[in-house]
4 protein chains.
Amino acid sequence: MADNVVTAAQLHERLVANPFNNWMGLKVLGLDEEKLEVGLTWREEMVSNPKARYTHGGIIGALIDVAADFAIAAKLGQPVPTVDMRVDYHRAAMPGDLRAVGRVIRMGGTFSVAEAMVYDGENRLIASGRGVYFTQPPKA
Amino acid sequence: MADNVVTAAQLHERLVANPFNNWMGLKVLGLDEEKLEVGLTWREEMVSNPKARYTHGGIIGALIDVAADFAIAAKLGQPVPTVDMRVDYHRAAMPGDLRAVGRVIRMGGTFSVAEAMVYDGENRLIASGRGVYFTQPPKA
Amino acid sequence: MADNVVTAAQLHERLVANPFNNWMGLKVLGLDEEKLEVGLTWREEMVSNPKARYTHGGIIGALIDVAADFAIAAKLGQPVPTVDMRVDYHRAAMPGDLRAVGRVIRMGGTFSVAEAMVYDGENRLIASGRGVYFTQPPKA
Amino acid sequence: MADNVVTAAQLHERLVANPFNNWMGLKVLGLDEEKLEVGLTWREEMVSNPKARYTHGGIIGALIDVAADFAIAAKLGQPVPTVDMRVDYHRAAMPGDLRAVGRVIRMGGTFSVAEAMVYDGENRLIASGRGVYFTQPPKA
């Protein structure tokens, strides 16, 4: 696998320059050559069903997309367009912060694949997924 | 295909009882036996890349999930848990309201499949996707 | 949507030049600007569970991939590499020929999306799915 | 994660009782609590493009589905219905045997998620994917 080309601090700065990431309270929690950890700060507007009060699946999908995308960004220097993604929901996420672990599955010249797992505050697996990202360098 | 069991107004009421749906400014734009149309009201916090200013893929994924889920809800009376979903991104969504058209592909006893297409204000196809939803009735 | 650039007969010839397509007994049943129909000829080796005797999901996935890919091939002149695909299984396919209807969802410069629905001999929907295909022209 | 309830030999016996698995020359190569390895025996009919001669994507998708499904079967005693699956193609598979490594991501009461990675004879990652499987016990 390619080496990281940015630090955790640089990746965090890029992450929160994105208004919706910022609204989700995303932050880089950790970065090494194998994985990126991204935290999400729960807020009331993230609630789905008003009675059951679990977190909206769209928020969880967004977190997976970002964690997978920025796992690639750590290798390339910047986030890349998502071509498509898949999310599997394993368990309802009750109100509270979430943590995603993103990993690159395959770096390719034109498109690359990365995955992410989402955990709640008690380290239970909430959801997981993967996406294809467009990593072709711009034409000179 | 099963008949609708709720009106557009009832479905809208259920839709916006969900805080994150409400934050996205979702509204039922139309409902017939074949399809459900859901509108999304753009807001500044939905922006992804701060320079390119297109709408965050997580928002678009959430819209697809909701439109597909509520297309099923029209047949069953209430939204159902998402088992998994897939989103294909076709074109960047520039700032502005979006519209999703959800359709049921297959109603089943235990799980069902629905899809949604997302269009921008100029009716360009922005994204599309499908999900599996858990539609097994609760045990008596 | 782009016009077809090949005839049904030309597409069929290309389809069966592929040994595994040929083994599956695939044939072009129909082609217009909107859709491609591909037939599959059932054979004993396609059986999955030896008691229930339904057709193997891998065969059905292959049929979806081919029908979606060749729906694009009708527009481009030749099949293209599959980047990724999703298959939803709706109903067990009992022994017998199958029919897939492939449609392009979005033609793009670098990658394109197409879908296919699979029906049994009684026109019941057996499975459906979609894939991303790499449609970037080779560099000159 | 649940313990295995069958041996590798028992799982192999069940695997090849399936005619299409048998046609693909599938065999259990290894089984421990974490993963299942399944080998595929290449044959001429598996070829896709007659010139490039790489293995058909449908075969690779079938292998992923089987390896993921039987990773669950090791925990439950028998294979289960596939609800849906996703396959990412990373590299063309040239003629030759393949090896898949299947792992359970999440065992659930009603549905479960498993993944598989496919490698060629030189241990290059050819494809990977995941599926949802229906694991609800039959009603008494």
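Lettering follows sequence order; numbering is per chain, from 1. As the structure is a prediction and not an experimental result, all values here were calculated from the model.
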Next item on the list: Against chain C, work out which of D:A92, D:G57, D:G61, D:S48 has the most heavy-atom pairs shorter than 4.5 Å and name it.
Entry: D:S48
Checklist line | Contact class of C:M85 relative to chain D, heavy atoms under 4.5 angstrom | finding: both
Notebook entry, point to check: What distance do C:T82 atom OG1 and D:D88 atom CG have between them, rounded to the nearest 0.5 Å?
Noted result: 11.5 Å
Check: Could you give the distance from CG (D:D84) to NE2 (C:H90), rounded to the nearest 0.5 Å?
Finding: 9.5 Å
Next item on the list: Evaluate the ring planes of C:F20 and D:H56, with Trp represented by its six-membered ring, and classify them as parallel (under 30°), tilted (30 to 60°) or perpendicular (over 60°).
Entry: perpendicular
Check: Where does C:V66 contact chain D at under 4.5 Å (heavy atoms): side chain, backbone, both or neither?
Finding: side chain
Next item on the list: Answer yes or no: does atom CD of C:Q136 have more than 12 heavy-atom neighbours from other residues, nucleotides or ligands under 6.0 Å?
Entry: yes
Checklist line | Closest non-hydrogen atom pair, D:A17 against C:P50 | finding: O-CG, 3.3 Å
Notebook entry, point to check: If you draw a 6.0 Å radius around CD in D:E33, do more than 12 non-hydrogen atoms from other residues or ligands fall strictly inside?
Noted result: yes
Notebook entry, point to check: Residues in side-chain hydrogen bond (donor to acceptor under 3.5 Å, both in side chains) with C:T55, at least two apart?
Noted result: none
Checklist line | Residue selection (most heavy-atom pairs with chain D, distance under 4.5 Å) from C:V132, C:V87, C:I59 | finding: C:V87
Next item on the list: Let me know if C:V83 has heavy atoms under 4.5 Å from chain D in its side chain, its backbone, both or neither.
Entry: backbone
Note to self: Does any backbone or side-chain atom of C:R14 lie under 4.5 Å from a heavy atom of chain D? Answer side chain, backbone, both or neither.
What the structure shows: side chain
Notebook entry, point to check: What distance separates C:Y89 OH from D:Y133 OH, expressed to the nearest 0.5 Å?
Noted result: 8.0 Å
Item checked: Max heavy-atom pair count under 4.5 Å with chain D, selected residue of C:I64, C:V47, C:N22, C:D69 -> C:V47
Notebook entry, point to check: Looking only at heavy atoms, what is the nearest atom pair of C:G58 and D:A62, with distance?
Noted result: CA-CB, 3.6 Å
Notebook entry, point to check: Measuring from D:N21:CG to C:N49:CG, what's the distance to the nearest 0.5 Å?
Noted result: 10.5 Å
Next item on the list: Using a cut-off of under 4.5 Å on heavy-atom pairs, state which of C:R53, C:E45, C:R43 scores highest against chain D.
Entry: C:E45
